Every structure is written in structure tokens, then in C-alpha cells.
2 protein chains.
Amino acid sequence: MFEARIKQGAVLKKVLDSVKDLVTDANFEADPVEGFKLQAMDSSHVSLVSLKLHADGFEHYRCDRALTMGMNLANMAKMLKCAGNDDAITMKADDAGDTVTFMFESPDQQKISDFELKLMDIDSEHLGIPETDYDVTLRMPSVEFQRICRDLASIGDTVGISVTKDGVKFSTTGDIGEANITVRQNSEDDKDKMIAIELGAPVSLTFALRYLNSFTKATPLCDQVIVRLSPNLPVVVQYAVTEVGYVSYFLAPKIEDDDAM
Amino acid sequence: MFEARIKQGAVLKKVLDSVKDLVTDANFEADPVEGFKLQAMDSSHVSLVSLKLHADGFEHYRCDRALTMGMNLANMAKMLKCAGNDDAITMKADDAGDTVTFMFESPDQQKISDFELKLMDIDSEHLGIPETDYDVTLRMPSVEFQRICRDLASIGDTVGISVTKDGVKFSTTGDIGEANITVRQNSEDDKDKMIAIELGAPVSLTFALRYLNSFTKATPLCDQVIVRLSPNLPVVVQYAVTEVGYVSYFLAPKIEDDDAM
DNA sequence: CCTAAGAACA
DNA sequence: TGTTCTTAGG
């Protein structure tokens, strides 16, 4: 028996919106201790998404034993769209069942819905997510990161990210020309606008913008995004799910990276 | 000679928006006593719409003798869109003419427009609208009814509506799973949010969501919708046109209904 | 917060 | 031309 209730249903809706464009089918894992999580590669097997919602992030969480639930994320998202933004959402599944139920309760309890989604068998490839210290940890407003990735994608296909202690330079080149966007570290009072760089060593790497732009679907989740970089390692783009967990994306750098900033 | 003036032109615009998606061409009837009305089947001949605007709902109403005016509703809507929402609208037609004129007057009389629409000959099939007492009369916020029909249509094609004295359950089934939405009767102070059930006997019927979703195009007309149900009879979905009349829709139930709630 | 209308994209 | 996304309004 698995049952988890989140009061702010809008959070779960946003979480799903942030993964459904990247991954079509995936196994969710409900774990008695670790909570509710998902790890999957995108459909083209290039990038990787890791989602974790801690057990104690839920208003109520019960999971008798670990459960793997294979879902079509588009269909799951379709159902969650039927929840009002103020509704509480409860997910339920029997240990031996082949469905998961989403229950929506309006704040005044006047309207109660339950949506039952058929589960599917999905081969779960095991995914090696590197546990490392990164040379660079960058924090910046998630909307700003989204804007940069979107803007550069209109010029070129890849982005070079070069970080020094002063700032970050995002660069691209395309048929029509080239573009560089530099943002500086600040010590903003306003935490939402903060740009902070933790730097072990300067780093310069190149990534496919197409995937980064998919990652920014998670922008509505939180005000700040965290980007971690190390040479020859996948970049980590991480969004906090307020009070509940996080969504992280991983993308290997292009090898033909030039080290110059 | 027919001439009818309505001060709140926006009402007439909304009325037309609520029928034009369902019916392409139809005969309006102007009657000296009964007012301005329309009865028509939708283009696929499955559902039926009945619109009535009472003579005394108009600021001014003159109709020397009954007049049938065949109009293309899309074209009529196109013209009415040209009226400002605060404009007064006057409809005029000669007894022997083949056009109808819509005159729009801005509140300050600064702008006066008249649009002349060509009438067309339309075979008027006679429509039998059942005059009955219904087992169930359900009143609920029109936006909530709209939301339920839209949400369920993303899962399945038909909706089962089961009414007991406590509440109403809307259910559907589709390829990806199933869904149930239950709303409870309340005694809300706020009349707009009222959900009221008048129940002779419990009823359970099934309808095609496609048509119900067309009906909900009338949602902007008023805050509350009235749904009347009886076994083996078409459902009536009725929207009041404030102070002026109503728009009613009729749709026969699916026969393969199971009676269980 | 939710809807509807407009604008931009495919 | 149809669909989607964004924005403005209720």
C-alpha cells in the first residue's frame, strides 16, 4: 500500500510539466524511507532526469514496501491537469495493483475527484548518476537562465559556458552570427535575483541547447536554479521543489569543447 | 416590421457565441407575443438547441406579425462581434425583406453602426421538444460544470451522470484509465457557488461529452447552470439569459447506460 | 485563480 | 491554417 498526500497540488502539476516533455514513459519508485522518485533518460537517450520528493515533504506519506510504478507521463500529466491549483492531491496504489489513483480534493471539500491511471511495464535501465564534487556551482534566477538558453538557441545549437570567479559567459555561434551573454556575480539583497558562483577552478564546457531548453521547463518550480560544472562531467541543472525535494537534469558536455574563454 | 432593441448588446453577443458552434444555419422567429426565438438541431442532428428572448426582455420590441428569418449564424456572429460590449443593439427587418439589420449605438451615441445581413431560406424541420417533469433538477456553478465536462473529455468520450440526494457523480472511462468527479450539495450563502439538487428519484444516465462541451459555450451567459434529468429522456442543460430569457440544450442519453451508481 | 482572446509559431 | 503559448481581464 502506497499513499501520499500533498496539500499544494499545483506543485505536483508543475513537477510533471517539468519532466513530461523530456521523458515519455518512466518508472516512479515509491520507497518507504526515501520517498517518491523517478530517474529516467530522455527519449533520445542523451540526457537524464532525476526527480525526488522526500517522504516528509508530503502532508501524509505511507509506503509499506518499495513500489515501482511505470507510467506514461503524458497521460499522468493529463490527469493532473484536472486538479485545481488549490486542490490537495493524494496518490494511491496497491502493492499488487496495476493502477495508480490520483485523488483531488478542493479546499472546501465540495468537489472530490479520483482518476485512475493504468500502470505499464517499463524496462528500467539502471542509470549511473555520478556522485562528485563539482568545480563550479552556479546559482542564478531560474527565469534568467531560461531566457539565456532560449535566446541563444535562436542563434546557435550549442552553448559554451565559461565560468570564472567574476562571472559566467554563455556563448554560441550560428549561421547568422554569434552571441555572448555574460552575467556577473552579485551580492543582491533580493535572494530571488541573486547570482552566486562557488568556484574551485575555472571551467569552460559546451552543451547542446536543445536539452538545456527542455530542462528549463522546470522554471515555474522555483526562483533559483543551481548549475554544477566540472570538466568532462555532465552538467547538473537542479531546481528545488519547495520544501519537498528537487528535479535535477544531467547532460554530458560536447567533446569538441575548446578550453578558451 | 420587426424591431427590437437591447441595451446590453454584450448579452446578444454571448447568446450567439453559445449557439454558433453547434448550429450553422437556422431560422429565427420573431413573434408579436412570444418574442425572439430559435430552435434548431446541431449540424450532426444529434442535439437540439432552443433559445428564447422574451419580448419584454427588450428595451423596445415591435413585431407587427410573425416573421421567420433564416440566418447563417457564423455570419451573424461575425457582425455582432463588431458591436462594442457596451453598445445597444437594435435588430430590424421588414416583413417582406430579405435582409436583417443590426444597429449598434455606443453609450455616448458617438458611434453608430449598422450592419445588414442577407437572409437565407432554410427548411425548418419541426422539432419536438418534450414538455415533462424531470426526476432531477440540478443547479450548479456554470464554470464548474464546464470544467468537469472539459476535464472528463480529456480522459473519455462519454460521461455517466449519477445523482443521489447527497451529490452528483460524473464518471468516464478511456484508454488511459478512468475518472470520477463528485460534487456535493451545499447550502452556500454565496448564490453563485450554490449546488442544489431537487430529487424525485435517483437517476443515472450517460451522455456524449462532445455535445456537452459544446453546450458549455454558453457559460459566459450566467453563473449558474440548470441540468434536468429523467431516465430515457434527453438531458436539458439550461442557461438563463439574465432578465431576458434562456438558452436550453437537449441531448438524448446513450442507451448502453448501466443503472448502477 | 481561471478564462478567453490575441499573437506567434509550426 | 491550425495549434499553442502567452497575456490581459474577470
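We name chains A, B, ... by the order of the sequence lines, and we start the count at 1 in each one. Remember, predicted model here, so these are calculated numbers, not experimental data.
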Check: side-chain contact (heavy atoms from CB on, under 4.5 Å) with B:Met79: which residues, sequence neighbours excluded?
Finding: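 side-chain contact (heavy atoms from CB on, under 4.5 Å) check on B:Met79 returns B:Phe102, B:Phe115, B:Leu117.
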For B:Lys111, check side-chain contact (heavy atoms from CB on, under 4.5 Å) against everything at least two apart and list the hits.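 In terms of side-chain contact (heavy atoms from CB on, under 4.5 Å), with neighbours along the sequence ignored, B:Lys111 is linked to B:Ser106, B:Ser113.
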What salt bridge (Lys or Arg N to Asp or Glu O under 4.0 Å) pairs are there with at least one residue in [range], not counting sequence neighbours?
range	result
residues 144-153 of chain B	B:Arg147-B:Asp151
residues 71-82 of chain B	B:Asp17-B:Lys81
residues 42-53 of chain A	A:Glu34-A:Lys52
residues 172-183 of chain B	none

Between A:Thr101 and A:Asp114, is any side-chain donor less than 3.5 angstrom from a side-chain acceptor?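 The answer is no; no qualifying pair exists.
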Scoring nucleotides 3-10 of chain C by protein non-hydrogen atoms under 4.0 Å (B base, S sugar-phosphate only, - none) yields SS------
Q) What is the distance, rounded to the nearest whole Å, between atom CG of A:Asn85 and atom P of C:dC1? A)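 Result: 6 Å.
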Give every pair of a protein N or O atom and an N or O atom of nucleotides 2-5 of chain D that lie under 3.5 Å apart, one pair per line with the distance.
none

Query raised in the report: Under the salt bridge (Lys or Arg N to Asp or Glu O under 4.0 Å) test, which residues partner B:Asp87, sequence neighbours left out?
Result: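 B:Asp87 satisfies salt bridge (Lys or Arg N to Asp or Glu O under 4.0 Å) with no other residue.
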